[in-house]
Amino acid sequence: MSLFVEGLGKRAPNSGMAEFQEVMRQQLESSMHKELEKLISTVKGADAEISRKDFEGFKKLFHRFLQVKGPSVDWAKIQRPPEESIQPYEKIKAKGLPDNVADSLNKLVVVKLNGGLGTSMGCKGPKSLISVRNENTFLDLTVQQIEHLNKTFNADVPLVLMNSFNTDEDTKKILQKYTHHRVKIHTFNQSRYPRINKESLLPVAKDLGTTGENAEAWYPPGHGDIYASFHNSGLLDKLIAEGKEYIFVSNIDNLGATVDLHILHHLMSQPNGNAASSSWRSPTKPGLTSRVAHEFKSVTKFKIFNTNNLWISLPAIKRLQEQNSMDMEIIVNPKTLDGGLNVVQLETAVGAAIKSFDNALGINVPRSRFLPVKTTSDLLLVMSNLYSLDAGSLTMSHKREFPTTPHVKLGSSFTKVHDYLTRFESIPDMLELDHLTVSGDVTFGKQVSLKGTVIIIANHGDRIDIPAGAMLENKIVSGNLRILDH
């Protein structure tokens with residue numbers, strides 16, 4: 001990186017290092033601001049105003065990024081939260097429900113994080129539009145859940161989707177199909193931030209377009225952006241004016257994150273300004289960085305972790321945004337673009353803001369409230385007879401003897417949804433399954449039953465076809481098994 005710093009030549013070599021670093025930071029920040037102004041100048045009107053608001057948030061993040069020295073979290077100092085700060089769900093449930101459930105529901109808004117694409121599962125467009133159960137998409141199931149609540153309790157719970165610039169257009173087209181459903185649906189876009197060249201620490205974008213050479217120049221900055229973008233959209237003020245007091249926030253691909261009336265009642269009985277974060281017991285969490293994953297495996301330190309289901313006070317969000325006092329750690333996410341250029345994304349996580357809220361509390365919820373679909377292995381679970389579907393909600397089948405979820409690991413031949421679907425003539429019976437590992441070129445016929453621990457491995461060049469009606473119980477299948485049609 002080339003950088004010329006003016007005016008430090010006459011100082012003693014050892015006395016000006018801190019000042020030198022500060023001048024460097026100032027120059028980097030000044031250069032970034034100039035580049036952002038150039039980008040804004042490439043558009044006019046409403047688009048320019050939206051980008052200017054987005055860039056204000058980005059400037060704050062970039063400023064903090066330049067200030068931070070070393071890791072923002074010292075893991076040696078991290079301790080388990082005090083016991084009194086985490087409420088057991090069973091204790092909350094034991095309180096029962098009030099007579100006026102509708103009154104509580106009418107103060108609630110359901111917010112789904114809908115900015116993700118289905119690329120990791122080989123799909124194009126918003127992930128929320130992938131079919132997950134009986135031709136129903138994530139979005140279909142969400143609408144069904146809320147409509148059921150509104151009809152059952154004669155309530156008015158709206159659905160809010162936080163889209164990204166990647167998902168907004170396709171999502172809005174689909175929303176027309178819900179016109180006659182008893183759910184008001186609102187959308188707003190999370191911010192659009194510029195990816196930063198790792199060497200120059202300047203944006204890689206040439207203008208505000210998102211196609212052509214700029215296709216990889218932009219990114220949605222993580223779900224921690226919900227607070228600023230919700231506020232900037234004007235929707236936050238609109239909902240408060242309508243008498244709404246709380247939002248329930250979760251990822252749209254978490255099929256276990258449904259409105260829980262007991263948690264809602266508990267929240268409504270707390271002092272104003274509360275935010276409640278739902279957590280569940282587990283020693284590991286896929287997708288964390290290696291250090292965090294290692295720490296989570298130590299159940300002596302962490303017995304629970306955040307499921308990314310949050311219940312948050314709307315007035316508290318408004319107050320914190322207006323006071324500019326929302327405090328979230330920066331996540332520095334390195335990426336390599338298709339052309340080989342190394343870039344950096346600056347992101348934040350929604351749950352990291354919990355320390356900014358007064359009277360924040362955690363709830364240790366059942367495992368059933370965390371049912372994310374990140375891979376086709378997860379998809380197989382929710383499509384199977386392990387779960388029953390009722391009014392958009394999935395619940396573990398009462399026919400399963402143990403309420404634990406089987407461990408399923410499908411190999412790379414199943415990664416893309418299209419390939420996964422072609423390898424199953426029908427979804428196997430998995431009611432008595434504990435563990436399934438499948439690797440290589442494997443297909444399943446109709447009405448296959450899997451029980452106990454089943455491992456199926458087709459070596460390179462081999463193929464295994466599990467025949468229709470087969471029952472595999474505590475079996476290891478390997479080699480080459482072809483069932484020929486007659």
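For the single chain, residues carry numbers from 1 onward in sequence order.
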**Student:** Tell me which donor-acceptor pairs under 3.5 Å the side chains of residues 115-129 have, and how far apart each pair is, sequence neighbours excluded?
**Tutor:**
from, atom 1, to, atom 2, distance (Å)
K127, NZ, D253, OD2, 2.8
K127, NZ, V373, O, 2.6
S128, OG, N114, OD1, 2.7

**Student:** Can you name the ring pair (Phe, Tyr, Trp, His ring centres under 6.0 Å) partners of F138, sequence neighbours left out?
**Tutor:** none
**Student:** Taking ring pair (Phe, Tyr, Trp, His ring centres under 6.0 Å) as the definition, give me every residue that meets it alongside Y420, ordered by chain and number, with sequence neighbours left out.
**Tutor:** F424
**Student:** Could you name each residue pair satisfying side chain to side chain donor-acceptor pair (under 3.5 Å) that touches residues 424-438, not counting sequence neighbours?
**Tutor:** N385-D429, H435-T437
**Student:** If you look only at pairs with a residue in residues 220-238, which of them pass as a salt bridge (charged side-chain N to carboxylate O under 4.0 Å, His left out), with sequence neighbours excluded?
**Tutor:** D237-K318, K238-E242
**Student:** Report the residues that fulfil side chain to side chain contact (heavy atoms under 4.5 Å, CB included) with Q144, sequence neighbours left out, ordered by chain and then residue number.
**Tutor:** N136, D140, L141
**Student:** Does the distance from a Lys or Arg side-chain N to an Asp or Glu carboxylate O, for E169 and K173, drop under 4.0 Å?
**Tutor:** yes
**Student:** By ring pair (Phe, Tyr, Trp, His ring centres under 6.0 Å), which residues pair with Y387, not counting sequence neighbours?
**Tutor:** none
**Student:** Mark yes or no for whether N232, through its side chain, and A228, through its backbone, hold a donor-acceptor pair below 3.5 Å.
**Tutor:** yes
**Student:** Applying side chain to side chain contact (heavy atoms under 4.5 Å, CB included), can you list everything that pairs with T211, at least two apart in sequence or on another chain?
**Tutor:** none
**Student:** Using a 3.5 Å cut-off and no angle test, enumerate the donor-acceptor pairs between side-chain atoms of residues 438-456 and protein atoms at least two apart in sequence or in another chain.
**Tutor:**
from, atom 1, to, atom 2, distance (Å)
D441, OD1, R423, NH1, 2.8
D441, OD1, R423, NH2, 3.4
T443, OG1, D465, OD1, 2.5

**Student:** Applying side chain to side chain contact (heavy atoms under 4.5 Å, CB included), name anything that partners A217, two or more places apart in sequence or on another chain.
**Tutor:** V204, A205, N214
**Student:** Mind checking what makes ring pair (Phe, Tyr, Trp, His ring centres under 6.0 Å) contact with Y219, not counting sequence neighbours?
**Tutor:** none
**Student:** With sequence neighbours left out, write down each residue that passes salt bridge (Lys or Arg N to Asp or Glu O under 4.0 Å) with K151, or none if nothing qualifies.
**Tutor:** E147
